[in-house]
Amino acid sequence: MASAPAGPDRVAVRKAAFASAVGNTIELYDFLIYGTAAAVVFNKLFFPSGDPWVGALLAFATFGAGFLARPLGAAVIGHFGDLVGRKRMLVITLSVTGVCTALIGLLPTYHQVGVWAPLLLVTLRVVQGFFLGGEQGGAVLMAVEHAPPHRHGWYGGWTFLGSPTGMFLATGAFAGATAISGDQFLTWGWRLPFLVSLVLVGVGLYVRLRLAESPEFAKIRQRGERARLPVAEAFARSWRQIVLSAGVNLGFNTFIFILTTFLLTYGTEKLGATRDVMLLGSLCGSAAQIAGILLFSHLSDRLGRTQVMLGGGIFLAVYAFPMFWLLDTAEPALIVLAMTLGYAGSAAVFGPMAAFCAELFATKVRYTGVSLGYQSGSVLGGGLSPVVATALLSFSGGASWPIAAYLVAGALVTVVCLVITGEPTRWAEPEPERV
């Protein structure tokens, strides 16, 4: 923090980074409590089946439905973010996702209204995913575009603190709801984390509405240099950056959503671990990832984005099999250790990614480009990984090695795309000088 620019700019930079972190935390809380519920609630209340793995597969499929809507949201909201500004779109995304989350907490179950229950659930999930698709790219830009060039990694990393912090809050909310409701958890206790979202959204809106517009966007608006059709221009001029940033994010998202969602089902159904043990692993892992994001974001400003992220990508590949060896012991302490190490090591890819993606695109298409690249990787990685892992486990007769091999394949995609991309400069092209 000591390296922030002097004078009033220091306050603006910190305020933007804090607002991005708070807003993204709330957005990710909204999105991730669905993942937790898919593993422990929805497979029983919205997709009942005699085979627990079939119910889990259907529940995770709706989890993936939210991801499928994210690239469309990235294109639409990113387009308008490059036209009218980052701040306005971020207020909209936060508001809508919060309302969708609260409505999920009010839905009737399958036993109450039949097939309407999963249909309504999927609809709300898709709308939520659409608006989240435009959230993360905008939050990244508000932090990075306020920051001085030599601190893009550090302040950009603040944005992605929202993921482990949101996961920490989501896991804590379910742990608290379990404690409060006891044996009534599946009756009404599971609804509490979803309804709490309305309070969090109110806090997030208060923070975001007090934030100034991105100075980089303000410059191009003042000079009349905004793109007329940001989506078309992003694909025409920056398609390679979109594809490569999607590949970089694919391996990370594959790994992290196995941790955050699939392992909750794997631990309770396959290993016989209690829900409390799996939630403890998520809580410890989220705390470790927060520390890791700050560390690796700082290192990326000193050593370079790609060098730090390559180390993280190699870790994801090397650690996949040992992680499942630890998990398959079914020892509570080793389960928590396996999850914590996974969260911590993945931060080497995740922490610098905000600055890495932002530095690939020109200002006038940056919201669109960052959102499309990041969210496409999220769909191909995080959106599919719980479904693929559940199917692999079922087809292999309960063996974990195909899932580990799947994680290795995803990590190799990240590594290859990082090598091809190389080290990004501050922006994809120099900004025109003022006359």
Side-chain angles (χ1 to χ4, degrees), residues 20 23-24 27 31 65-97 126-145 156 159 213-250 253 353-383 417 421 424 426-432:
S20 294
N24 204 39
E27 292 273 19
F31 203 75
F67 276 89
L68 291 176
R70 285 165 73 165
L72 179 60
V76 174
I77 296 170
H79 173 86
F80 286 102
D82 282 324
L83 279 178
V84 304
R86 287 58 162 129
K87 176 182 175 179
R88 189 178 302 179
M89 302 314 297
L90 287 174
V91 169
I92 293 173
T93 58
L94 182 62
S95 301
V96 176
T97 53
V126 169
V127 174
Q128 186 190 58
F130 176 89
F131 283 91
L132 185 64
E135 156 65 25
Q136 290 172 303
V140 162
L141 299 192
M142 287 298 282
V144 175
E145 290 184 344
T159 305
E213 180 57 89
S214 155
E216 295 290 332
F217 177 79
K219 288 177 185 177
I220 65 167
R221 179 170 56 187
Q222 184 179 10
R223 294 194 296 251
E225 295 170 354
R226 286 174 289 177
R228 292 185 178 181
L229 293 171
V231 173
E233 189 164 333
F235 276 114
R237 300 179 60 187
S238 305
W239 65 268
R240 185 175 182 272
Q241 291 94 318
I242 292 172
V243 171
L244 290 173
S245 58
V248 169
N249 195 27
L250 184 151
N253 258 264
M353 195 181 298
F356 175 87
C357 291
E359 290 169 350
L360 293 176
F361 299 93
T363 304
K364 60 182 179 179
V365 296
R366 190 171 293 139
Y367 200 142
T368 305
V370 170
S371 297
L372 281 171
Y374 187 84
Q375 299 303 340
S376 297
S378 295
V379 171
L380 297 173
C417 288
T421 304
R426 184 193 173 195
W427 307 126
E429 62 184 36
E431 302 292 348

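Among all heavy-atom pairs drawn from Ala234 and Ile242, the shortest one is O-CD1, 3.9 Å. Between Gly156 and Val144, the shortest heavy-atom distance links the atoms CA-CG2, 3.8 Å. Heavy-atom minimum distance, Val370 versus Ala358: CG2-CA, 3.8 Å. Here the closest heavy-atom approach between residue Val231 and residue Ala75 is recorded as CG2-O, 3.3 Å. Across Asn249 and Gly377, no two heavy atoms sit closer than the pair ND2-C, 4.0 Å. Between Leu83 and Arg226, the shortest heavy-atom contact is O-NH1, 2.6 Å.
Not a single donor-acceptor pair under 3.5 Å links the side chain of Tyr367 to the backbone N or O of Ile77. For the pair Ser376 (side chain) and Gly373 (backbone), a donor-acceptor distance under 3.5 Å is absent. Although no hydrogens or angles enter the test, the distance criterion places no donor-acceptor pair under 3.5 Å between the side chain of Ser238 and the main chain of Phe235. Panel note: side chain Ser371, backbone Thr368; no donor-acceptor pair is recorded below 3.5 Å.
Residue Leu244 holds its CG atom at 8.0 Å from CH2 of Trp239, rounded to the nearest 0.5 Å. Taken to the nearest 0.5 Å, the NZ atom of Lys364 stands 10.5 Å off from the CZ atom of Arg228. Considering CZ of Arg86 and OG of Ser214, their distance stands at 5.0 Å, rounded to 0.5 Å. Between the CD1 atom of Ile220 and the CD atom of Glu225 there is a distance of 7.5 Å, given to the nearest 0.5 Å. Here the NZ-OG1 distance, from Lys219 to Thr363, works out to 8.5 Å after rounding to the nearest 0.5 Å. Between atom CD of residue Gln241 and atom SG of residue Cys357 there is a gap of 11.0 Å, rounded to the nearest 0.5 Å.
Looking at heavy atoms from C-beta onward, Arg237 lies out of side-chain contact with Val365 at the 4.5 angstrom threshold. You'll find the side chain of Met353 reaches within 4.5 Å of the side chain of Tyr374, heavy atoms only. At least one side-chain heavy atom of Ser245 sits under 4.5 Å from a side-chain heavy atom of Leu360.
Applying the side-chain contact (heavy atoms from CB on, under 4.5 Å) test to Val96 and every residue at least two apart in sequence or in another chain returns Ile92, Cys100, Val127, Phe131. Not counting sequence neighbours, the partners of Ser20 by the side-chain contact (heavy atoms from CB on, under 4.5 Å) test are Ala139, Met142, Ala143, Thr159. Under the side-chain contact (heavy atoms from CB on, under 4.5 Å) criterion, Leu250 pairs with Thr254, Leu380, Val413, not counting sequence neighbours.
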Which is it for Phe130 and Val76 under the side chain to side chain contact (heavy atoms under 4.5 Å, CB included) test, yes or no, and what are the steps along the way? CA-CA 9 Å; Phe130 176 89; Val76 174; 3.9 Å; yes
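When each of Gln128, Gln375, Glu135 is checked for a side-chain hydrogen bond (donor to acceptor under 3.5 Å, both in side chains) with Arg70, only Gln375 meets the rule. Checking Glu145, Glu216, Glu359 one by one against Arg366, the side-chain hydrogen bond (donor to acceptor under 3.5 Å, both in side chains) holds for a single residue, Glu145.
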